[in-house]
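Notes to accompany the following structure.
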Protein chains: 2
Amino acid sequence: MTQSATAWREHAGDVLRQTGHRSAAAREQVLDALAERDCCATAQDLADDVQRGGSRVGTASVYRALELLVRLGLVRRLEMGHGTARYEAAYPDGEHHHHLVCDRCGKVTQFEDPELEAAIDQAAARLDYQVGAHDVVLRGACPDCATA
Amino acid sequence: MTQSATAWREHAGDVLRQTGHRSAAAREQVLDALAERDCCATAQDLADDVQRGGSRVGTASVYRALELLVRLGLVRRLEMGHGTARYEAAYPDGEHHHHLVCDRCGKVTQFEDPELEAAIDQAAARLDYQVGAHDVVLRGACPDCATA
DNA sequence: GTGAATGCAAACTCTTTGCATGACT
DNA sequence: AGTCATGCAAAGAGTTTGCATTCAC
């Protein structure tokens, strides 16, 4: 687990306490699973992670935990695979990345690009929406599929 | 209907013929409905449009038509509303726009930004994926919701 | 006439909700 | 004790698939 993931995990616990939520087993384990992941995961992925840890956690609890975490701004929800949502930790300093999706094998990779961020901020500034977030998805063939 | 939408409609018919597809009522009507729309629509929106035109078209045919059109590169499929896919005409010259989604009322608006396109192209060039397409979604409050 | 395309209904996947039980403070 | 959180099962929404029928070529 990276240093920022550890910090995020602690931050998330703090925010939950400060917003009056009690320590709840299923929710804590979803947070742990998210902190362990370095890129976005589906609800099913996270449920599997938790159950692999030996706990009997219902799907509904995973979804309920994720919904709360998204509402508190601790988790980002992403839509990029046919009908299946993905979730990842949202760092409090706003640091984030974007995603590459392979059209052939479905693999998801992340990338960062400060100049792209700047271009998005400029575009957002000239629009009449109060833009609070943005998602960028690039699609194509990953190195493995491109050579195959 | 705009001039480019009309051109796209004709182009789509040509591509279908060239790829050995016969003239099929439901599919043609889905194309017409897409050409009439100036921004992305859900499968249900398109089915409603067609049925409003007086035809009895099944949902399945709309989905089957859309799947084929996406495969032929004539239509873009977008994922940006909780679990519901949206579709829009993909112009052959690559001209396209991106989307603003209101977090509160769900309204979807389009925008274009050449500098953002350039930044994406540059980012794509330095990655090891063969990037063929990209989606950008900005989220926030639309003018109506921001003042309300 | 032949095979593609269709409509209908059933199946399927992902997600949410109802409700009785269990756990934190 | 009070009530928030949980697990399970059922419901819901969107999408896909099976199959007999219809239609284009």
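Heavy-atom basis, side chains included; hydrogens, waters and symmetry copies ignored. Reminder, nothing fancy here: chain letters follow the sequence lines and each chain counts from 1.
- Closest to the side chain of B/Ala26, from the set C/dT6, C/dT15, D/dT6, is C/dT6.
- Using a 4.5 Å heavy-atom cutoff, the side chains of B/Arg64 and B/Arg27 are not in contact.
- In this structure, A/Val136 and B/Asp135 have side chains that are not in contact, with every pair of non-hydrogen atoms separated by 4.5 Å or more.
- Distances from the side chain of B/Ser23 to the nucleotides C/dT15, D/dC25, D/dA5 place D/dC25 closest.
- Contact check for A/Tyr129 versus B/Leu138: no side-chain heavy atoms found under the 4.5 Å cut-off.
- Here C/dT25 presents its P atom at 11 Å from CZ of A/Arg27, a figure rounded to the nearest Å.
- Between B/Leu46 and B/Leu66, some side-chain heavy-atom pair lies under the 4.5 Å cut-off.
- Between A/Val62 and A/Gln44, the closest side-chain pair of non-hydrogen atoms is not below 4.5 Å.
- Between A/His21 and D/dC4 there is no side-chain polar atom (N or O) within less than 4.0 angstrom of OP1 or OP2.
- At the phosphate of C/dT15, neither OP1 nor OP2 sits under 4.0 Å from any side-chain N or O atom of B/His82.
- Between B/Met80 and B/Cys40 there is a side-chain heavy-atom pair separated by less than 4.5 Å.
- Taking every heavy atom of residues 36-61 of chain A and every atom of DNA chain C, pairs under 4.0 Å involve A/Ala60, by number.
- In this structure, the side chains of A/Leu34 and A/Arg37 stay at 4.5 Å or more apart for every pair of heavy atoms.
- A donor-acceptor contact under 3.5 Å is not formed by the side chain of B/Arg22 with the base of D/dC25.
- Within the 3.5 Å criterion, the main-chain N or O of A/Asp38 finds no donor-acceptor partner in the side chain of A/Glu88.
- Side-chain nitrogen and oxygen atoms of A/Tyr63 include none within less than 4.0 Å of the OP1 or OP2 phosphate oxygen of C/dT16.
- Not a single donor-acceptor pair under 3.5 Å links the side chain of B/Arg77 to the backbone N or O of B/Tyr87.
- The side chain of A/Arg64 lies closest to C/dT17 when the candidates are C/dT16, D/dT17, C/dT17.
- Summary of helix geometry: the two end axes of the helix from C/dG1-D/dC25 to C/dT25-D/dA1, each defined by five base pairs via their C1' atoms, are inclined to each other by 30° (rounded to 10°).
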